[in-house]
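Take a look at the structure set out below.
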Amino acid sequence: MSIMSMMAPHPDLLSRETITAPGGLTKDQHPILVLPDNFRFTSLTDEELDCLLSYYCRIHTPGEQKRGFVVIVDRRNDTWLQARATLMKLREHFPSRIEMIYCIEPNGIIQKTFGAGFKQVNGYNLPVKFVQKPEELCDGFIPHDQLPPTVGGPLLYDHRIWCEHRVAVEKYEMNTCELDAESTDVMDKMRNTDLPNETDETDELIKEQLVLRNHLKNDVNEGIKRGNALQDCVLQYDSAHPVVNLERIPDRMRNILLIRECMERLSQVEKQFDNFWSEHYPTLLQCQQLRKFEVKFRDLWPTLQDRLKALNLVSEKIGDAVDLVRSDELTDVMDDIEELIPQAKDILAMGKRLTAKRHYADDSIRPKCKELEELISELETKSKTCEEKLQRCRELEDRMSKAEKWCREGMDRLATRWTISPDASAAGIVRDIDQFLSETLIFKLDNPKEFHNQFKVHATPEMNERLPELLRELDEVRQQCISRKVSLGWKNDSDARRSSMAVTTSRPIRTGSR
């Protein structure tokens with residue numbers, strides 16, 4: 001609240017018209033105060049007089065106060081005793097510099113008799129000039145057009161309207177000061193509020209501060225609107241005519257200037273708050289984005305680590321048990337990882353977007369992004385390796401199963417089908433045996449070097465135990481098939497060479513280090 005508003009007297013005291021400030025100025029720009037001839041000045045208590053005089057001085061600018069006031073004391077219908085009392089009160093209570101006092105003398109017949117004696121008294125200690133009539137005021141120091149009607153001037157002054165305007169303008173100034181203080185309090189509160197650590201609390205804080213911001217902005221905008229309306233009211237001479245020439249109503253110009261000053265102050269308040277909000281609100285949004293990132297990271301991180309641990313366990317089991325090759329355990333783990341990796345990549349992208357915008361918590365986000373990126377890479381690499389290992393293991397198991405089946409079928413045919421009978425000739429049996437021997441190309445178990453290169457890491461211990469025996473069985477079945485062909489009269493050396501397969505016993509495939 002301004003000092004002027006704090007010192008404003010009660011409206012009832014102002015309305016008595018004990019002192020008026022019509023807004024006139026001397027040629028040297030001294031403001032003019034008028035004490036009307038209404039017998040009320042000397043009836044004021046010292047407290048009321050101090051309040052009024054201080055208020056009338058304070059509504060003028062510091063420059064005007066420094067230059068000093070010209071006071072017109074109108075005592076035409078009063079007595080010299082009252083005139084002297086008025087001057088003495090001015091000497092004792094006037095709070096600012098007095099340039100000159102013009103005292104319009106009492107004009108009663110009896111009072112004129114005593115006038116010479118009162119004017120010769122040297123106890124005033126004030127720059128006083130006595131005049132007999134208002135026309136003598138215009139002595140070259142006070143222009144006639146700067147005087148109000150009460151002392152014969154042309155200025156348009158209505159004390160009732162002046163009081164109404166002053167009360168409204170000072171109330172508007174008080175509201176402006178309150179809005180300025182409120183803006184400062186709101187900015188301090190927002191600036192000093194700790195950012196929450198939870199997403200819900202952050203969302204709630206943003207909502208609360210948006211409400212405060214919108215409320216303050218609305219109040220400032222409403223204050224500017226009220227200033228425009230008040231300015232229009234002051235510029236309205238009466239209900240039907242606007243003020244055309246403010247030079248004839250200078251007291252209103254002072255109010256207009258104060259209103260515009262308040263409106264400019266409100267504009268500065270709004271600008272200052274907007275500048276603060278343009279920096280503060282992005283910080284709130286960054287906090288909100290950070291909390292969402294942290295929640296997603298915190299929720300997904302343990303699941304990713306758990307799936308990596310499960311993947312490592314399943315990968316180890318693949319090399320230990322052939323039964324796992326046929327199970328769905330690895331498939332379930334792989335499906336989980338396939339579903340989680342896109343989520344992890346979305347969180348990683350979110351974190352990188354935050355750091356790219358110079359986030360205030362950059363030093364907290366970057367390590368999490370790095371950890372997440374490394375874990376995603378490890379999951380993708382191990383998933384691919386495990387899938388390849390499982391595929392190789394399944395392929396080897398499939399080939400070995402087909403070879404075992406081929407051996408069983410060969411022994412069965414040697415015992416039952418490949419004998420001469422009325423329904424089967426020797427040539428037909430030989431062709432059947434040749435066709436049967438060609439089926440070994442399907443499972444490709446006749447090349448130990450190829451097995452060693454492709455399956456040394458992926459073969460299970462069980463497979464390593466089965467493979468040498470299986471290769472021996474394959475060789476025995478082949479040899480028996482060739483022997484059966486020879487017993488049936490097969491003597492074609494070239495065919496024999498094509499059908500015969502030199503098979504050497506392969507050493508067991510050792511499981512590679514993991």
Side-chain angles (χ1 to χ4, degrees), residues 16-46 48-50 52-57 59-60 64-157 159 162 250-251:
R16 296 179 190 176
E17 202 173 351
T18 308
I19 305 172
T20 63
L25 296 172
T26 68
K27 289 183 177 180
D28 294 335
Q29 302 300 302
H30 297 282
I32 298 173
L33 297 180
V34 177
L35 275 60
D37 187 16
N38 54 21
F39 311 102
R40 296 169 185 162
F41 186 82
T42 55
S43 65
L44 295 173
T45 65
D46 289 348
E48 291 174 335
L49 184 58
D50 287 336
L52 272 177
L53 290 175
S54 177
Y55 173 74
Y56 275 100
C57 288
I59 65 175
H60 292 81
E64 291 173 331
Q65 295 181 47
K66 186 177 180 180
R67 286 192 295 271
F69 292 85
V70 170
V71 182
I72 299 176
V73 179
D74 187 2
R75 288 296 176 263
R76 284 174 289 178
N77 297 314
D78 212 333
T79 66
W80 275 107
L81 289 175
Q82 292 298 323
R84 176 181 172 82
T86 299
L87 294 176
M88 298 302 292
K89 282 182 176 291
L90 286 175
R91 187 188 69 179
E92 294 173 5
H93 296 277
F94 201 86
S96 188
R97 180 174 178 271
I98 296 178
E99 177 68 18
M100 178 62 70
I101 297 177
Y102 287 88
C103 182
I104 305 177
E105 303 172 5
N107 56 14
I109 296 175
I110 298 178
Q111 297 302 320
K112 286 183 179 181
T113 305
F114 301 103
F118 279 99
K119 287 189 288 185
Q120 293 176 358
V121 175
N122 297 323
Y124 296 114
N125 291 328
L126 288 171
V128 182
K129 183 175 182 180
F130 294 95
V131 296
Q132 295 182 356
K133 53 186 176 178
E135 289 78 4
E136 296 179 15
L137 294 172
C138 304
D139 57 356
F141 184 64
I142 302 178
H144 179 259
D145 60 1
Q146 296 296 308
L147 294 175
T150 55
V151 289
L155 291 182
L156 299 177
Y157 179 80
H159 189 70
W162 182 88
D251 65 293

- prompt: Within the side chain of His144, is there an N or O that forms a donor-acceptor pair under 3.5 Å with the backbone of Pro154?
  reply: no
message: I need the His93 NE2 to Leu49 CG distance, nearest 0.5 Å.
response: 5.0 Å
- request: Compare every heavy atom of Pro127 with every heavy atom of Glu99, then report the nearest pair and how far apart it is.
  value: O-CG, 3.6 Å
message: Classify the ring geometry of Trp162 against Tyr56: parallel below 30°, tilted from 30° to 60°, perpendicular beyond 60°.
response: parallel
statement: d(His30 NE2, Ile98 CD1) to nearest 0.5 Å is 12.5 Å
- prompt: Do Val71 and Val34 come within less than 4.5 Å of each other through their side chains, counting heavy atoms only?
  reply: no
field: Distance, nearest 0.5 Å, that separates CG of Asp37 from CD1 of Ile104
entry: 8.5 Å
Contact summary for Leu147 and Cys138, nearest pair of heavy atoms: CD1-SG, 3.8 Å
- prompt: Going by atom types alone, do Thr42 and Gln82 pair a side-chain donor with an acceptor below 3.5 Å?
  reply: yes
message: Looking at every non-hydrogen atom in both residues, tell me the closest pair between Trp80 and Pro106 and how far apart they are.
response: CE2-CD, 3.6 Å
query: Per the side chain to side chain contact (heavy atoms under 4.5 Å, CB included) rule, which among Asn125, Thr86, Ile101, Val128 passes with Arg91?
result: Asn125
- prompt: Quick one: does Phe41's side chain get under 4.5 Å of Leu90's, heavy atoms only?
  reply: yes
- request: Any chance you could measure Asp50, atom CG, to Thr45, atom OG1, to the nearest 0.5 Å?
  value: 8.5 Å
query: Any side-chain heavy atom of Asp46 sitting closer than 4.5 Å to one from Glu92?
result: no
field: Minimal non-hydrogen separation, Leu155 against Pro250, with atom names
entry: CD2-CD, 3.7 Å
message: Could you check whether any side-chain N or O of Arg97 sits under 3.5 Å from a backbone N or O of Gln65, counting only pairs where one atom can act as donor and the other as acceptor?
response: no
statement: So CG of Leu87 and CZ of Phe94: to nearest 0.5 Å the spacing works out to 12.5 Å
field: Rounded distance [0.5 Å steps], NZ in Lys89 versus CG in Leu44
entry: 7.5 Å
query: Between the side chain of Gln146 and the main-chain N/O of Leu25, is any donor-acceptor distance below 3.5 Å?
result: yes
